[in-house]
J.: 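The structure that follows is given in the form of structure tokens.
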There are 2 protein chains.
Amino acid sequence: MAKTPVRTRRSGSQLSREAIIEASLRIAARGSGDAFTVRRLGEELGADPTAVYRHFRDKDELLLSVADRVYGEVVESIPDGLGWKDRLRALAEVSLRVGLKYPAVASITASRTTRRANEFRLVELILGAINEAGLDGADAALHYRAVADALLAHVGQAAAYALFTPEARAGDESSWMREYRMVDAERFPHITRLSAELAEVRPAPVYTVQVEALIAAIEARAAAVAGGEDAVV
Amino acid sequence: MAKTPVRTRRSGSQLSREAIIEASLRIAARGSGDAFTVRRLGEELGADPTAVYRHFRDKDELLLSVADRVYGEVVESIPDGLGWKDRLRALAEVSLRVGLKYPAVASITASRTTRRANEFRLVELILGAINEAGLDGADAALHYRAVADALLAHVGQAAAYALFTPEARAGDESSWMREYRMVDAERFPHITRLSAELAEVRPAPVYTVQVEALIAAIEARAAAVAGGEDAVV
DNA sequence: CCACGTAGCGCAACAGTGTTGACATCTATG
DNA sequence: CATAGATGTCAACACTGTTGCGCTACGTGG
């Protein structure tokens, strides 16, 4: 009542799925500052929050659509002309970078399947790399899932971590400095000996270790298959 | 209003952190049926929901305490007398099993650090295995994180998946059967060729591939270090 | 043995979330 | 031009975590 509408109503640019998705991405890109909520989305659009429900059945469908848009940003950032190893490495690097660009989306989508266009492009890309490595059939499907799940999980975890309040994040980080240095040296000799190194581990190398481990596993399996073995792990 | 209290008030057994944690585990073990909410917790305890706040600062602290209890269940299920590889394999298997026993806890805790007693025991266990494999210093810390993050992420993802409503889960599962079989064969040849195999991949072998890949990575790094290389990835 | 201070608990309420149904209004179509 | 359908607004509902206020029963000091 007597609330001046932010946008002169029906002034040309109506709402659309595209506009809503882009507004969602703008909010998600702002990070943990303001959460990705329907009311916040309405504010960003200069419209009533519930107007979104005229274009998406519920927030879940909106989220999957936004996620697929993000997948598009990922797949289009992968350069052409790379060997299968470097293509997987590029995919891993780009996924993490884009995922951290929209943490609110990446953290929720990590354990979902969008079943939309750009997801297909990503699956095709990974399958192509694995096929080029020398795997096919059940082996290819199995190792595709290993790679995809690992990437999604790591990106989702990193995104969720980025969404924490600064206090909670500081608590987690400083724990390696504080609590882990004070443990009983008798019961926890390894922690005691390595407390300094544990505190200094950065996320990027950890990610690299995981990705390289999977690449090596694919290579090893391909060599085994070429050598005559055919028992799937 | 005329709501008969389930428990005669002050009848000997008052609330306690222990009792609240155990009630939380009972609820979490029931799966996606009823969510792990404060009000549901009060109901399970036969007490007012807000009574919980006399024993835990907020739900987050309760959750970390519950998670550490779950960690205890994990670490005590690892048999003694195993070599480092089998110890890591046992840890992976037990983590997933216990995580799926309490999906509501596992899904939220996946990207947290409890900084409590049982977490230390788990860290010490992993560090011990890695040390036995022949890694130390920054290498050990790095590979510890790779293993721990991968396990936590996968268990958390599997738990979150188990928490979905049956409809959403059915949609995800059938997508490999439905949508993925209908994609354009021209644009997505690999998906088309492997759609049957993709639909048949089960989670357990995928997890195995990831775990074995990390074990192999640790072994390879240990061999490289023993051979004279000392550059950390 | 009694008073009292406090810890434990119940109750009502608040702010925030996603979502729905009724109403209004604008657009496009016949 | 009239009407039907799509689109936006508003109020409200059910649910979440959380807090302030009171009451009550316990255990402890005098």
Side-chain angles (χ1 to χ4, degrees), chain A residues 1-21 23-24 27-28 32-66 104-105 107-108 112 163-165 167-168, chain B residues 1-21 23-24 27-28 32-66 104-105 107-108 112 163-165 167-168:
Chain A
M1 39 186 81
K3 187 185 294 179
T4 56
V6 180
R7 184 173 62 92
T8 29
R9 72 168 75 167
R10 290 303 154 82
S11 66
S13 80
Q14 320 216 3
L15 251 42
S16 68
R17 288 176 73 100
E18 280 306 302
I20 294 175
I21 290 176
S24 302
I27 296 177
S32 85
D34 47 358
F36 177 28
T37 153
V38 178
R39 284 175 177 79
R40 182 71 192 80
L41 181 55
E43 200 177 321
E44 179 77 25
L45 289 162
D48 189 273
T50 63
V52 172
Y53 289 89
R54 300 291 157 188
H55 301 266
F56 295 92
R57 184 161 35 82
D58 52 21
K59 200 190 178 185
D60 194 64
E61 196 212 334
L62 166 61
L63 202 74
L64 291 184
S65 303
V66 173
V105 176
S107 66
I108 309 183
R112 299 303 305 276
L163 277 181
F164 285 157
T165 64
E167 306 90 61
Chain B
M1 39 188 80
K3 188 185 293 180
T4 56
V6 180
R7 186 172 62 92
T8 28
R9 71 168 74 166
R10 290 308 154 81
S11 66
S13 78
Q14 318 216 1
L15 250 45
S16 68
R17 290 177 72 100
E18 280 305 301
I20 294 174
I21 290 177
S24 303
I27 296 176
S32 84
D34 47 359
F36 178 27
T37 152
V38 179
R39 283 175 176 80
R40 183 70 193 80
L41 181 55
E43 200 178 321
E44 179 76 24
L45 289 162
D48 190 273
T50 62
V52 172
Y53 289 86
R54 301 289 151 186
H55 301 267
F56 295 93
R57 186 162 32 83
D58 52 21
K59 200 190 177 183
D60 193 65
E61 196 212 333
L62 166 61
L63 202 74
L64 291 183
S65 303
V66 174
V105 176
S107 67
I108 310 182
R112 299 301 306 275
L163 278 182
F164 285 157
T165 65
E167 306 89 61

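Chain A is the first sequence line, chain B the second, and so forth, proteins listed ahead of strands; every chain is numbered from 1.
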J.: Looking only at side-chain atoms of B/R54, point me to the closest of D/dT9, C/dG10, D/dT18.
T.: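 The listed nucleotide nearest to B/R54's side chain is C/dG10.
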J.: In whole angstrom, what separates A/D48's CG from D/dT9's C1'?
T.: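 Distance check: A/D48 CG to D/dT9 C1' gives 5 Å.
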J.: Picking from D/dT7, D/dT18, C/dT19, which would you name as closest to the side chain of A/V38?
T.: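 Looking only at heavy atoms from C-beta outward on A/V38, the closest nucleotide is C/dT19.
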J.: Using a distance-only criterion (donor-acceptor N/O pair, under 3.5 Å, no hydrogens), is the base of D/dG17 paired with the side chain of B/R39?
T.: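 In this structure, the two groups form a donor-acceptor pair.
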J.: Look at the side chain of B/T50 against the base of C/dC11 and say whether a donor-acceptor pair falls under 3.5 Å; ignore hydrogens and angles.
T.: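 Yes.
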J.: Within this structure, what is the CZ-to-C1' distance between B/R40 and D/dG17, rounded to whole angstrom?
T.: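 Going from CZ in B/R40 over to C1' in D/dG17 covers 17 Å.
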J.: Would you mind checking if A/R40 and A/E44 are paired as a salt bridge, meaning a charged N to carboxylate O distance below 4.0 Å?
T.: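 Result for this pair is yes, salt bridge flagged.
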J.: Provide, to the nearest angstrom, the distance between the CD atom belonging to B/E43 and the P atom belonging to C/dG10.
T.: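 Answer to the nearest Å: 13 Å.
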J.: Between D/dT19, D/dT16, C/dC9, which one does the side chain of B/T37 approach most closely?
T.: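 Given the options D/dT19, D/dT16, C/dC9, the side chain of B/T37 is closest to D/dT16.
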J.: Using OP1 and OP2 only, check whether a side-chain N or O of A/H55 sits under 4.0 Å from D/dA6.
T.: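 No.
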J.: How many whole angstroms separate atom CG of A/L15 from atom P of C/dT27?
T.: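 A/L15 atom CG is separated from C/dT27 atom P by 14 Å.
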J.: In whole angstrom, give the distance that lies between atom OH of B/Y53 and atom P of C/dG10.
T.: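 Computing the B/Y53:OH to C/dG10:P distance gives 15 Å.
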J.: Heavy-atom distance under 4.5 Å between the side chains of B/L64 and B/F56, does that happen here?
T.: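 Contact flag for B/L64/B/F56 side chains = no.
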